Amino acid sequence: MADPWRRKPVLQVVREGNPGKRAIQESAKVPPAELAEPDWVETFKGVDGPEQSAVNARCRNVASQEWRRVVPVLKLSVGLGEVDTALLKDYCITVARIDQCERELSANGLLIRGERGWQKNGATTIAGQYRSQLARYIRELGLSPSARSGITPPDPDEDDDGIFD
C-alpha cells in the first residue's frame, strides 16, 4: 500500500493525471559539473602485508570500475553536480567493500572456528550492513527501476548528443 503522506513523484503525477489540479513541484536543480574520479589510493591505502595490500588494490580497482560505470549514466539521467561527489564516492566504496566481504566469505566460509567453537564469520554482518547502505545509495541516486520513476531528468542541451545516441 502506498504511503498516504508521501508525495507522488512528478513523473507519476504526470502519467496518472492530476485530478486535484495541485501545482506540481519541480525538483531542485544543481549546476552541472565535470566530476573527477577520486584518488582511490587515499581511501584504500597501501599497507605492509602483501595479502592486505592485494585486498586494497582490488578494492581500488572495483571502486574505480564502479565510478566509471555509473557516473556517465547519472550525468545524463539526473545531472550530477559538485555536491554529489561525496555521495558517489561513498557508493563506490560500499560496492568495493561488499566485494571484499564476499571474497572473504568465499575464501573462509560463513562459519569459522573460534575460541568457543564454530562462529559466524564477521564478514557476514559487515556485508549485510554494507548492503543496506547500498540500497539507500541506489535509491538516492536513482539506480533502480523503481527509484528512476521518481526522478525528473534534466533539460537536455541543444548541442548535447547524449550518451545513448
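Computation of the quantities below employed the complete heavy-atom set of this structure, encompassing side-chain atoms and omitting hydrogens, waters and symmetry-equivalent molecules. On a predicted model such as this, the values are computed, not experimentally measured, just so you know.
Val55 has its side chain out of reach of Phe44: every pair of non-hydrogen atoms, C-beta onward, lies at least 4.5 Å apart. Using a 4.5 Å heavy-atom cutoff, the side chains of Gln119 and Leu111 are not in contact. By the 4.5 Å heavy-atom criterion applied to side chains, Leu110 and Asn121 are not counted as neighbours. Side-chain contact between Leu80 and Leu88: present, with at least one pair of heavy atoms (C-beta onward) separated by less than 4.5 Å. Put simply, the side chain of Tyr91 does not reach to within 4.5 Å of the side chain of Trp67, judged on heavy atoms. Residues Glu66 and Arg69 meet the side-chain proximity criterion, which asks for heavy atoms closer than 4.5 Å. At a threshold of 4.5 Å between non-hydrogen side-chain atoms, the residues Lys75 and Leu35 do not count as touching.
Atom CG of Leu105 sits about 9.5 Å away from atom CD1 of Ile126, to the nearest 0.5 Å. Between the CH2 atom in Trp40 and the SG atom in Cys59 there is a gap of 10.5 Å [rounded to 0.5 Å]. Here the straight-line distance linking atom CG of Asp90 with atom CZ of Arg136 works out to 12.5 Å at 0.5 Å rounding. Separation of atoms OG1 (Thr43) and CG (Asn56) is listed at 10.5 Å; rounding is to 0.5 Å. Taking CD1 of Ile138 as the start and CG of Leu134 as the end, the distance is 4.0 Å to the nearest 0.5 Å. For the atom pair CD of Gln129 and OG1 of Thr124, the computed distance is 9.5 Å after rounding to the nearest 0.5 Å.
When Ile93, Thr94, Val95 are each tested for a side chain to side chain contact (heavy atoms under 4.5 Å, CB included) with Tyr137, only one passes: Thr94.
Of the N and O atoms on the side chains of Gln100 and Arg103, not one donor lies less than 3.5 Å from an acceptor on the other residue.
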Full working for side-chain hydrogen bond (donor to acceptor under 3.5 Å, both in side chains) between Arg60 and Ser64: CA-CA 6 Å; Arg60 284 191 293 272; Ser64 179; over 6 Å; no
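Side-chain heavy atoms closer than 4.5 Å link hydrophobic residues (I, L, V, M, F, W, Y) into clusters, and following such links, possibly through other members, connects Leu87 to Leu74.
In summary, Glu102 and Arg131 engage in a salt bridge, as defined by a charged side-chain N under 4.0 Å from a carboxylate O.
Shortest non-hydrogen contact noted between Cys101 and Ala127 is CB-CB, 3.8 Å. For the pair Glu82 and Glu34, the tightest heavy-atom approach, listed with the atom from each and the gap, is OE1-O, 4.4 Å.
Glu104 is linked by a salt bridge (Lys or Arg N to Asp or Glu O under 4.0 Å) to nothing, counting only residues two or more places apart in sequence or in another chain.
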